[in-house]
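In what follows, every chain begins at residue 1, and chains take the letters A, B, ... in the order their sequences are listed.
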Amino acid sequence: MSSGTFAAYRPILIAIAALAALPLAVPLLVGAGLFAGPNTFYNLMIFILIITLAAQGWNIAGGYGGQFSFGHAAFFGTGAYAQAVLQTRYGVNAWVALPLAMALGGLVGALIGLLAFRARLRGSYFALVTLAFAEVFRILANATPITGGAAGTLVPLRIGFGQMQFDAPAAFFYLALAFVAVVLILNRLLERSRFGAWLVAVRENEDAARALGVDTLTVKLKAITLSAAVTAVAGALYTQKFLYVDANIAYGAWISVEALLAPIVGGIGTVFGPLIGAVALIGLGEAAKTVIHAAFGSAVPGVDLVVYGLLLVVVIAFAPRGLIGLLRTRGGR
Amino acid sequence: MLEVQGLTKRFGGLVAVSDVSLTVPEGSITGLIGPNGAGKTTLFTLISGFQTPSAGRVLFAGADITGRTPESLAVLGIARTFQIVQPFAGLSVLENIAVGAYLRCPHRAEAMAHAEAVADRVGLTDLGRPASSLTVAGRKRLELARALATGPRLLLLDEVLAGLNPSEIRDIVPVIRSIRESGVTILMIEHVMQAVMSLCEHVHVLANGRLIGAGTPAEVVGNPAVVEAYLGHGAAGRLQKGASHG
Amino acid sequence: MTAWNETTRRSLLKSGAAGAAILSAPGLVRAQAAPVKLGILQPVTGALAQDGEYGRLGAQLAIDDINKSGGIKSLGGAMIEMVFGDARSSPEAGSQEVEKMHAEGVSAIVGGFASPICLAASQAASRYDIAYAVDVGVSDQIVSRGLKNTFRFGPGFGAVTRAAIDNLVKLNDAAGKPARTVVLVHEDGLFGSGLAKLMNDRLSALGFQILETIPHPTPARDMSNVALRIRALNPDIVIPSSYYSEFVLLARTMQQQRIRPKGIYAVLNGAASNFRFVREFPDAANNVMDCNHWADPRKPKTAELRRQVEATGRFWLYNVPLNYSSVRLVADAIERSGSRDRIKIIEAMATSTFADHIMPYGPTKFENGQNTAAAPVNTQVQNGDIKVIFPDTFADAKAVFPVTG
Amino acid sequence: MFRSYPPQIVLEAVLNGLLTGAVYALVAFGLTLVYGVLHIINFAHGAMLTLAMFAVLVAHIGFGIDPYLAILPLTPLFFAFGYGLQRFVISPASRNDDGAILLVTLGLSIVLENLLLAIFRSDTRTLTLDYSFSVVDTGFALLSLPRVIGFGVALIVAAALWAILALTDTGKAIRAVAKEKLGASLVGIDVNHIYAVTFGLGAATLAVAACLLMPSFYVNPRVGNAFVLVAFTVVVLGGMGSIAGALVGGLVIGVVESLSGLYLGESLGQIGIFLIFILVLLFRPTGLFGAKA
């Protein structure tokens with residue numbers, strides 16, 4: 001049994017090790033012309049990892065639990081604003097602010113979950129109510145003084161480990177990777193736990209789950225809380241990376257879309273789905289931009305995004321169970 | 001074990017279950033039969049907590065459980081199967097059963113071991129395949145296995161034999177009997193009379209939401225009111241005539 | 001990290017053998033000088049695509065002009081090569097483009113347009129000591145962070161608001177104080193809200209009565225109710241600060257509802273300084289005033305540039321002269337530093353007294369990255385043209401105020 | 001905080017709300033129809049509206065066709081476009097799987113928006129027509145003529161959609177598929193065809209909406225986004241799948257937005273819409289006109 005346990009985590013450990021070793025390959029990647037320079041690589045990877053984390057959060061409630069949210073911006077934004085406001089207004093250290101941001105995000109998740117799940121909202125109805133909450137947050141954040149209103153909140157640039165601001169981009173890469181790695185392992189733990197089994201049962205069939213003794217309300221609430229907390233960490237990391245948030249960044253629809261897009265493209269309800277999806281989507285967007293730019297110049301705007309959109313449709317058409325499904329099918333042959 | 005007292009359920013003006021009282025003795029296999037639309041499944045949903053009755057009470061092991069949620073009833077030891085099987089289609093057979101097993105075994109290793117044991121008991125093999133790939137008979141067994149994995153004291157079976165061919169029925173009847181022998185009380189809705197005759201000690205007959213007869217299977221089959229409920233007014237008389245001629 | 005930087009630098013040098021030769025031996029013949037790479041960052045897709053497009057146009061025109069007149073002479077006539085980056089209307093895409101520009105070896109970066117993009121991009125550029133010239137980005141946070149590499153050529157909204165208020169008072173005094181009551185209409189984002197707050201504080205102190213402050217979202221689907229409230233309040237002056245589309249809706253509705261205040265005095269408004277608006281809504285646009293970025297009408301280059309822009313079927317927007325001038329400012333710094341070295345360019349920027357731009361500022365003077373010489377002007381739509389009415393030094397027309405009839 | 005307004009202002013605000021609400025309803029018809037039948041949220045709805053508005057622009061500038069006359073060619077054109085899109089792109093690419101449809105429509109919206117950006121560039125354009133500034137003088141209020149026409153046509157479109165659904169064989173098939181896809185396919189209805197027809201109807205209503213909007217609104221490659229969220233609200237309020245619900249929902253939302261804008265300010269007033277949205281979802285998720293789930 002214990003060898004079985006290790007086997008379950010082996011791919012994750014390998015993936016984490018591979019990601020951690022990626023910087024070693026940077027000269028090759030740059031040499032091959034895939035990246036203009038090492039920091040281009042790091043900057044892109046950091047953004048991919050932040051989106052991965054937001055998507056991993058979404059995947060807990062949406063992928064494993066089947067509770068499709070269109071409003072994970074509500075959690076991302078709470079994390080991002082908490083990280084910024086706690087530092088600038090209350091003088092909290094960045095490392096202390098991060099767990100607080102996570103907790104606040106989780107709290108918001110629990111509250112929205114409580115309202116939505118008690119009202120027995122499912123499917124599109126749940127999706128739309130989360131979307132509406134995110135919009136309300138966006139409008140409020142744009143108008144309230146504590147968030148800096150429309151001017152947003154700027155975190156002062158003070159490079160130093162104590163401020164969670166690093167001179168070397170690789171440091172932030174490893175910080176973001178550490179969070180992604182923890183959630184990868186957490187997801188596998190979840191898959192192999194009672195809570196995880198019940199969560200999936202809720203996704204598959206709520207009535208059948210209830211008949212088997214699953215307290216579906218509690219399970220869903222726990223899931224959305226955990227989901228929100230993870231996505232809030234992504235928001236907090238965004239703040240630390242860009243040192244500025246405003247209402248459209250924090251609570252904008254863009255992040256809700258990214259958070260759900262990555263797992264669906266990668267493989268919904270799987271450990272690696274969000275990571276694979278985020279790498280593919282953002283990588284694809286960057287690649288389209290670079291290739292189109294190199295081939296046709298940048299005189300006509302939007303062509304790269306047209307290509308990106310078409311590729312997205314093609315990926316869906318040929319990878320019904322997400323890219324991870326595609327990998328598995330190919331591997332099986 | 002289970003006692004239903006004056007249970008009534010109205011949907012708007014329609015009375016689906018009307019003043020039904022019955023008892024299921026501990027350790028028995030009790031049958032619930034009746035024509036389609038008689039309210040059998042509604043009665044099950046009331047007992048298992050999926051709907052709250054308009055009137056009446058449900059007692060389990062002497063305690064009033066009326067209006068309690070299905071999940072809390074499962075914890076108390078009441079498990080049910082669904083007439084229309086509801087497998088977790090995205091999961092493997094073993095994972096399906098494990099969901100039930102987790103109720104009493106919080107840890108994965110125990111739950112998996114328990115699930116495998118239950119699968120073995122109901123005769124399910126090849127546990128790694130997706131539940132969606134099972135045949136009808138396989139799905140019925142899975143439904144049964146999942147419920148059984150929750151470690152129930154009372155099992156509510158809603159037409160587990162429907163849709164099976166005679167040889168499949170022959171295979172599954174001993175399984176149900178062995179479940180009872182392990183100490184689980186069973187209340188089953190069933191249309192396959194041959195199985196009811198061989199399994200049940202006691203049978204209740206429901207028609208138009210009302211209890212119209214009860215007794216041993218043999219007594220019930222001989223009850224003209226029951227025959228009429230199934231075959232229409234006057235059928236009992238015609239049948240008897242036919243019997244005397246034949 | 002240093003190892004990687006070293007590698008990049010080396011591979012960059014290798015990538016152009018001619019470039020390497022020039023670097024090691026400056027002063028070779030002009031034709032062989034390697035180009036100076038200049039990063040142009042604009043959001044040409046997404047919500048801000050319109051502004052980004054015009055910003056890029058201005059930068060392109062400046063680069064063409066510089067190259068036509070012999071490039072950077074102190075670098076052996078090196079041409080300027082545009083390294084364009086689409087900021088996709090988001091800060092993270094903006095900073096990613098800065099990383100790419102760094103890897104491509106740009107000497108400086110111009111642009112950003114929106115404040116959030118400018119904030120993120122200039123910060124990313126600061127890691128590599130790349131001079132970053134903000135083209136528009138009016139948030140005063142941009143120049144309050146102590147970043148040595150960040151310069152803003154145009155005025156921030158603090159300066160714009162001050163000028164707008166001063167000029168309004170002058171305008172009103174000159175006309176015999178016909179106006180006393182004001183309604184503020186503003187978009188609820190960074191610039192509109194910031195302006196409204198400052199306006200509210202100062203205008204009251206100057207004896208104006210603010211009847212109401214009406215924020216609206218962008219995009220707004222309907223401005224009828226705003227018009228309705230203006231009609232009910234019947235102010236002497238309406239001060240709108242909105243993006244293009246919303247002001248078009250408002251102006252159109254006001255015309256329909258026959259709301260004619262003594263003046264529409266826009267501040268940093270997207271439409272009142274846009275010839276598309278003037279052409280498509282000549283009646284609604286007529287006599288609308290705007291306190292905004294605007295090119296100096298008396299410089300011959302302004303008219304020439306405007307003709308060039310209009311010849312391509314585009315309209316004359318402030319993004320064009322601002323970017324044109326910002327690029328020329330950076331080119332001047334490179335010229336004076338005589339170097340591609342980023343630090344030297346930053347130093348040259350900081351001490352810049354550049355006057356050969358087409359904005360109505362006079363020579364630049366940077367304090368903490370802000371060009372203290374920068375100021376907005378007041379324009380007014382007069383009979384199908386946009387004229388400068390304030391300050392007098394740059395004016396090419398007299399103000400029509402109060403508007404009658 | 002609350003300011004009191006003379007009754008006339010309030011009345012005018014209500015009228016404005018009704019006129020705007022009619023446009024919301026027009027945009028929401030397609031969304032609610034597609035939701036009701038395919039049970040999916042069409043993310044490309046906003047981009048399709050933008051496309052239709054550019055089509056009106058091209059018809060006017062390129063061919064001199066008045067926006068109102070453009071209804072005649074554009075409605076069938078967009079029906080065909082919507083039909084083809086669903087039949088030959090969305091359905092095959094998504095295999096009618098919910099999650100996949102979401103992504104495919106999202107992908108299409110990115111393609112459409114940026115295609116329009118590449119072709120027409122980012123400028124905001126408006127049409128100036130003889131009647132753009134015409135008003136209907138009701139005696140107590142001046143109402144914009146194009147908006148009044150929009151209101152009337154919205155009612156006609158609602159009636160036409162209702163008639164199509166209630167009276168024609170195709171309409172009956174659509175309703176059958178909406179209720180029970182499997183059952184409908186068993187009785188010989190070509191479900192894929194019905195899906196495509198529904199999508200086509202949705203696109204056709206967008207074409208009408210675009211023709212009515214252009215005389216009083218503007219167009220740029222992102223303009224459709226302004227209407228999508230509010231159209232969702234209308235659909236939820238009216239009950240997903242209900243045409244009458246979308247009409248009433250649109251008008252209600254229009255009036256609520258108008259009044260909350262009047263009293264809370266246009267910015268914060270937007271919260272009014274979303275709060276209603278949330279409250280409806282929490283307490284009556286089937287909407288005003290939705291059948292009980």
Next item on the list: For D:Glu12 and C:Leu228, indicate whether the former's side chain and the latter's backbone hold a donor-acceptor pair under 3.5 Å.
Entry: no
Item checked: Whether over 12 other heavy atoms sit under 6.0 Å from D:Asp130 CG -> no
Next item on the list: State, without any angle test, whether D:Asp123 and C:Tyr54 hold a side-chain donor-acceptor pair at a distance under 3.5 Å.
Entry: yes
Notebook entry, point to check: For C:Arg258 and D:Val135, what are the C-alpha separation, side-chain angles and deciding distance, and is it a side-chain contact (heavy atoms from CB on, under 4.5 Å)?
Noted result: CA-CA 10 Å; C:Arg258 295 165 201 160; D:Val135 288; 3.3 Å; yes
Checklist line | Portion of D:Ile9 that has a non-hydrogen atom of chain C nearer than 4.5 angstrom | finding: both
Notebook entry, point to check: Side chains of D:Arg147 and C:Ser224: is there a donor and an acceptor less than 3.5 Å apart?
Noted result: yes
Note to self: Could you check whether any side-chain N or O of C:Asn225 sits under 3.5 Å from a backbone N or O of D:Ser258, counting only pairs where one atom can act as donor and the other as acceptor?
What the structure shows: yes
Next item on the list: Verify, without hydrogens or angle tests, whether C:Gln256 (side chain) and D:Leu142 (backbone) share a donor-acceptor contact under 3.5 angstrom.
Entry: no
Checklist line | C:Ser245 side chain reached by D:Asn220 side chain, heavy atoms, under 4.5 Å | finding: yes
Next item on the list: Decide yes or no for D:Phe227 and C:Pro219: does some side-chain heavy atom of the first lie under 4.5 Å from some side-chain heavy atom of the second?
Entry: no
Next item on the list: Using atom types as modelled and distance alone, determine if a side-chain donor or acceptor of C:Arg252 lies under 3.5 Å from a backbone N or O of D:Phe217.
Entry: yes
Next item on the list: Please tell me if the side chains of C:Gln50 and D:Arg121 come closer than 4.5 Å, counting only heavy atoms from C-beta onward.
Entry: no
Note to self: Regarding D:Thr128 and C:Glu280, do their side chains bring together a donor and an acceptor under 3.5 Å, going by distance alone?
What the structure shows: no
Notebook entry, point to check: In terms of heavy-atom pairs under 4.5 Å, which option from D:Ser132, D:Gly261, D:Ser216 contacts chain C the most?
Noted result: D:Ser216
